[in-house]
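Some notes on the structure that comes next.
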Amino acid sequence: MAHDIVFFLAPDDGAAAATRLRGPAPTLQTVTCRFIEPDSAIAEWDMYFEEPSVELPSLERLLDWPWPEWVTAPLNDGVEVFALPRRLTRALAGAGSTELEELAGRWTTRLRSADGDDMTDDDLLAVLQGVARLATLAVSTGGGLYSWSF
């Protein structure tokens, strides 16, 4: 489980990869959260928009879903930088409040079933709303949406 996660905008994969050592610069617009797995969260969100449902898909279905790609090769230091799929970025940018609320509920259920009382204490709806705002900016500027985690 990642300790710190930062969702951020970058003009391209190269610029996102440059954040690997120190994380996104404080001057960038970001959304932070703690104690989640960013790759599984990204896959969960992507699955929701491709196959909308309030019901929680099975863990096997989630594991079979395409997962986000690294923009830097993973090393043994715990740092990961992922690119959110373009289709997910567009879906988040166009999502309404009801969709984000349903997704937050589904994501909370998944995390609670996996982590129990040890799940993040972040407001997951607020995280999704913040990432959706970043997605809107990514779509309007032609940049990409990424996650950095440690």
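Applying the side-chain contact (heavy atoms from CB on, under 4.5 Å) test to Thr109 and every residue at least two apart in sequence or in another chain returns Leu56. For Trp70, the ring-ring contact (aromatic ring centres under 6.0 Å, His included) partners at least two apart in sequence or on another chain are Phe82. Annotation: side-chain hydrogen bond (donor to acceptor under 3.5 Å, both in side chains) contacts of Glu55 (sequence neighbours excluded): none. Residues satisfying the side-chain contact (heavy atoms from CB on, under 4.5 Å) test with Arg112, not counting sequence neighbours, are Thr108, Met119. For Trp65, the side-chain hydrogen bond (donor to acceptor under 3.5 Å, both in side chains) partners two or more places apart in sequence, or in a different chain, are Asp46. Under the ring-ring contact (aromatic ring centres under 6.0 Å, His included) criterion, Trp148 pairs with no residue, sequence neighbours left out. For the side-chain contact (heavy atoms from CB on, under 4.5 Å) test, residues two or more places apart in sequence or in another chain that qualify with Ala25 are Thr27, Leu28. Residues that satisfy the side-chain hydrogen bond (donor to acceptor under 3.5 Å, both in side chains) test with Glu44, not counting sequence neighbours, are Arg106, Arg110. Gln29 pairs by the side-chain contact (heavy atoms from CB on, under 4.5 Å) definition with Leu134, Leu137, not counting sequence neighbours.
The hydrophobic cluster containing Val139 does not contain Phe7, counting ILVMFWY residues as joined when their side-chain heavy atoms lie under 4.5 angstrom apart, directly or transitively. Under the 4.5 Å side-chain contact rule for hydrophobic residues, Val6 and Phe150 share a cluster. In the hydrophobic clustering of this structure, Leu62 does not group with Ile5; members are Ile, Leu, Val, Met, Phe, Trp, Tyr whose side-chain heavy atoms approach within less than 4.5 Å, directly or through other members. Residue Val131 is grouped with residue Trp107 when hydrophobic side chains (ILVMFWY) are merged at heavy-atom distances under 4.5 angstrom, including chains of intermediate members. Leu103 and Trp67 fall into different hydrophobic clusters, where Ile, Leu, Val, Met, Phe, Trp and Tyr are joined by side-chain heavy atoms under 4.5 Å apart, directly or via other members.
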Should Leu111 and Ile36 be marked as a side-chain contact (heavy atoms from CB on, under 4.5 Å) after you check the CA-CA gap, both sets of side-chain angles, and the distance that decides it? CA-CA 8 Å; Leu111 292 177; Ile36 66 163; 4.2 Å; yes
Can you list the steps and then say if Ile42 with Ser147 is a side-chain contact (heavy atoms from CB on, under 4.5 Å)? CA-CA 9 Å; Ile42 294 165; Ser147 74; 3.8 Å; yes
Let me see the working for Thr141 and Leu9 under side-chain contact (heavy atoms from CB on, under 4.5 Å), right down to the final yes or no. CA-CA 10 Å; Thr141 63; Leu9 299 175; 5.6 Å; no
Val31 vs Leu128, side-chain contact (heavy atoms from CB on, under 4.5 Å): CA-CA, chis, key distance, verdict: CA-CA 9 Å; Val31 173; Leu128 279 168; over 6 Å; no
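The line from CZ of Arg61 to CE of Met47 is 5.5 Å long, rounded to the nearest 0.5 Å.
Pairing each heavy atom of Val71 with each of Ala17, the nearest pair is O-CB, 3.8 Å. For the pair Ala10 and Ala16, the tightest heavy-atom approach, listed with the atom from each and the gap, is CB-N, 3.9 Å. What you find for Pro68 and Ala83 is that their closest heavy atoms are CB-O, 3.6 Å. Contact between Phe8 and Pro24 at its shortest, heavy atoms only, is CD2-CG, 3.4 Å.
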Between side-chain atoms of residues 91-102 and protein atoms elsewhere (two or more places apart, or another chain), which donor-acceptor pairs fall under 3.5 Å?
from   : atom 1 : to    : atom 2 : distance (Å)
Glu99  : OE1    : Gly96 : N      : 2.8
Glu102 : OE1    : Tyr48 : OH     : 2.7

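Applying the salt bridge (Lys or Arg N to Asp or Glu O under 4.0 Å) test to every pair with at least one member in residues 122-137, sequence neighbours left out, gives no pairs at all. Residues in residues 8-24 take part in these side chain to side chain donor-acceptor pair (under 3.5 Å) pairs, two or more places apart or across chains: Asp13-Tyr146, Arg20-Asp77.
A donor-acceptor pair under 3.5 Å links the side-chain atoms of Thr136 to the main chain of Ala132, judged by distance alone.
For the pair Pro74/Val79, no side-chain contact is recorded, criterion being any heavy-atom separation below 4.5 Å from C-beta on.
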